[in-house]
Amino acid sequence: MNPPSIPLARLLAHTADAVQAVRAGRSLNDALRACPAGARPGTQALAFDAMRRLGHAECLRRRLVPRAPAPWTDALLLTALSLLERSGGAPYPDHTLVDQAVEAAKARDRRSGAFVNAVLRRFLREREALRAQVRAQPLSQWDHPQWWIERLRADWPEHWQDLLAFDNTRAPLALRVNLRRTTQARALERLREAGLSAWPAGPWGVVVDPPRPVHEIPGFAEGELSVQDTAAQLAAPLLLGMQAPVDRPWLAPGARVLDACAAPGGKTAHLLELAELDVVALDVDPDRLARVQDNLGRLGLHATLCAADARETAAYSGGRPFDAILLDAPCSASGIVRRHPDVRWLRRASDVEALVRLQAELLDRLWPLLAPGGRLLYCTCSVFRAEGEEQIDAFLQRQSQARRLPAPGHLLPMPHNQTEPGGSQGAAAPPADVQGFRADGFYYALLEKHNG
């Protein structure tokens, strides 16, 4: 998990820093960027494990120490407890984790070493009794906030438990094939020749499991592959009306397309890989827009980049309509928790309501920019109905010129062969499951503008 030169105590200290940052409202990605580069991979692995069992660890810590200790010491205890209780077994023997957690505490504050030692050794002695005491608590059982559990139960009464359990699984590495530079078959051949376990996922993707850093992926540096979950790989083909790589897009070459909220650029790049388009890639954050340029440069593609708020249409529209618009709207990210396990701990119930209002505003502002006969694809990486089907139902009530075209609707990361109502025009929405690979949760609605 970590290079021999980096002691486990040091990794645990860095992980506690990250856990403390998330509990203070910072994203795990931001917290990990503050970690020394050499320790970052090992810290990230431990931090992901800690995030997945953080609710259970919190319940245990409250039993062990009813009054929370200082924030960093608390974060270290939560880290150690979550790793000791990791599903599938701890990454290190119990005694090693405890000893190294104590060393980490001593290095930060010598006085806290004895306290951490006493708490963790008590846990080892009383583990079964403590588990029994917290087992009935939803936070312990599901490792999600109560409001999140209740929303999923209301939205998906038959599948909420599957969705919560899926969030705590480890995701493989999903890659999109750049068909301008290679084929799916050749990409798979290169991956397997390199000794990687890889298989196809849908028409455009391949999956590598166990995951590897991208610098170890053959063809990545050459622009043959990009990191993108297979559920997200549906966006560009849906907007272009393509079900297979051999299909022709409905848009003519040179058609003007807006990718609103484009960063980090995966969907922008996929559009350009599939068709000759004049794409305007928009994002409110200039730093995130720089990542779009980096990705396009690696792939040998070009788009017009614009740093602006999508609601301020005069800043980027140029007074001309767009033939197609892709709105990958800001959302709760409730469908991609396994890839971003800190999301559930950062979000609040009020955040979802604010995001729903923002999504509605974006739809209302972007719709007038769409040319008659044009198409708008609305998508979110959310499994909450408020950010998906309910949002589009409300928009269709407001906008008489919008006609719904076939699209998946809610894609849920459910067991193979299960489906759930909620797709376009009342059809059954397929699970986020491509050739046996359980993809992330997503929502898609495709709207066409007509005169009437």
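Between F442 and Y444, the ring planes are parallel. Angles under 30° get that label, and only those over 60° would be called perpendicular. Ring pair W204/H270 is perpendicular by interplanar angle, where above 60° counts as perpendicular and below 30° as parallel. Using bins of under 30°, 30° to 60° and over 60° for the plane-to-plane angle, the ring pair F322/Y316 lands in the tilted bin.
Counted by atom type alone, R298 and N178 present zero donor-acceptor pairs between their side chains at under 3.5 Å.
Smallest separation of non-hydrogen atoms from C59 and Q137: SG-OE1, 3.1 Å. Of all the heavy atoms in F384 and S332, the pair that sits closest is CD1-OG, 3.4 Å. Of all the heavy atoms in P145 and R344, the pair that sits closest is CG-O, 3.1 Å. Across L327 and C261, no two heavy atoms sit closer than the pair CD1-SG, 4.1 Å. In terms of heavy atoms, A231 sits closest to A439 at N-CB, 3.8 Å. Taking both residues in full, the closest heavy atoms of H14 and A39 are given as CD2-CB, 3.7 Å, listed atom of the first, atom of the second, then distance.
Without hydrogens or angle criteria, D259 side chain to T268 main chain gives a donor-acceptor distance under 3.5 Å. Proximity of a side-chain donor or acceptor of D323 to a complementary backbone N or O of R256 within less than 3.5 Å is detected. Checking side-chain atoms of D364 against main-chain N and O of E361 turns up no donor-acceptor pair under 3.5 Å. In this structure, the side chain of W367 does not engage the main chain of A402 through any donor-acceptor pair within 3.5 Å. Under the 3.5 Å distance criterion, the side-chain polar atoms of N295 are matched with a main-chain donor or acceptor of P264. Side chain of H144 to main chain of W142: a donor-acceptor pair is present (N/O by atom type, distance under 3.5 Å, no hydrogens or angles). Although no hydrogens or angles enter the test, the distance criterion places no donor-acceptor pair under 3.5 Å between the side chain of R186 and the main chain of R181. When atom types are taken as modelled, the side chain of K449 and the backbone of Q401 share no donor-acceptor pair closer than 3.5 angstrom. The closest donor-acceptor contact from the side chain of D283 to the backbone of A263 lies under 3.5 Å.
Taking the ring centre of W160 as origin, the terminal cationic atom of R153 falls inside the region bounded by 6.0 Å and 45° from the ring axis. Both the sub-6.0 Å distance and the 45° axial angle are not jointly satisfied by R385 relative to the ring of Y443.
Here the straight-line distance linking atom CZ of R375 with atom CH2 of W250 works out to 5.0 Å at 0.5 Å rounding. Taken to the nearest 0.5 Å, the CG atom of D143 stands 4.5 Å off from the CZ atom of R53. Expressed to the nearest 0.5 Å, how far CG of L296 lies from CD of E273 amounts to 9.5 Å. Distance check, rounded to the nearest 0.5 Å: CG of D328 to CG of L377 gives 8.5 Å. In this structure, D351 CG and R348 CZ are separated by 7.5 Å, a value rounded to the nearest 0.5 Å. In this structure, the separation between CD on Q184 and CG on L175 is 11.0 Å, given to the nearest 0.5 Å.
Using a 4.5 Å cut-off on side-chain heavy atoms (C-beta onward), Y92 and Q100 make no contact. With contacts defined as side-chain heavy-atom distances shorter than 4.5 Å, the pair V177/V206 qualifies. Side-chain contact between P330 and L355: present, with at least one pair of heavy atoms (C-beta onward) separated by less than 4.5 Å. No side-chain heavy atom of P218 sits under 4.5 Å from any side-chain heavy atom of L225. Residues Q20 and L78 form no side-chain contact, since every pair of their non-hydrogen atoms from C-beta on lies 4.5 Å or further apart. The shortest side-chain heavy-atom distance between W148 and V337 falls under the 4.5 Å cut-off. For the pair P406/L446, no side-chain contact is recorded, criterion being any heavy-atom separation below 4.5 Å from C-beta on. Residues L240 and L277 are in side-chain contact: their nearest non-hydrogen atoms beyond the backbone lie under 4.5 Å apart.
Remark: Q243 CD is loosely packed, at most 12 non-hydrogen atoms of other residues, nucleotides or ligands lying under 6.0 Å away.
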Check step by step if side-chain contact (heavy atoms from CB on, under 4.5 Å) holds for T79 and L46. CA-CA 8 Å; T79 296; L46 293 177; 5.7 Å; no
Let me see the working for L326 and V257 under side-chain contact (heavy atoms from CB on, under 4.5 Å), right down to the final yes or no. CA-CA 8 Å; L326 171 58; V257 178; 5.5 Å; no
Test salt bridge (Lys or Arg N to Asp or Glu O under 4.0 Å) applied to R180 and E276, step by step: CA-CA 11 Å; R180 289 181 178 266; E276 301 291 340; 3.1 Å; yes
Audit row: V19, V22, side-chain contact (heavy atoms from CB on, under 4.5 Å) steps and yes/no: CA-CA 5 Å; V19 170; V22 170; 5.8 Å; no
Yes or no on side-chain contact (heavy atoms from CB on, under 4.5 Å) for Q391 and L363, after CA distance, side-chain angles and deciding distance? CA-CA 10 Å; Q391 181 69 262; L363 281 165; 4.0 Å; yes
Please report the C-alpha distance between S382 and S334 in whole Å, then the side-chain angles of each, then the deciding distance to 0.1 Å, and finally whether the side chain to side chain donor-acceptor pair (under 3.5 Å) criterion is met. CA-CA 5 Å; S382 174; S334 57; 2.9 Å; yes
Before giving the answer on side chain to side chain donor-acceptor pair (under 3.5 Å), spell out for T380 and Q359 the whole-Å C-alpha distance, their side-chain angles and the decisive distance to 0.1 Å. CA-CA 9 Å; T380 63; Q359 293 154 9; 5.8 Å; no
Mind listing the side-chain donor-acceptor pairs of residues 28-37 below 3.5 Å, one per line with the distance, residues two or more places apart or on another chain?
residue	atom	partner	partner atom	Å
D30	OD1	R33	NH2	2.2
D30	OD2	S27	OG	3.3

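The residues R151 and E387 are annotated as not salt-bridged, no charged nitrogen and carboxylate oxygen being separated by less than 4.0 angstrom. Of the charged side-chain nitrogens involved, at least one lies within less than 4.0 Å of a carboxylate oxygen, so that R52 and D49 count as a salt-bridged pair.
The residue from D229, D167, N168 that alone fulfils the side chain to side chain contact (heavy atoms under 4.5 Å, CB included) condition with R338 is D229.
Every salt bridge (Lys or Arg N to Asp or Glu O under 4.0 Å) that R190 has, sequence neighbours left out, goes to E222, E224.
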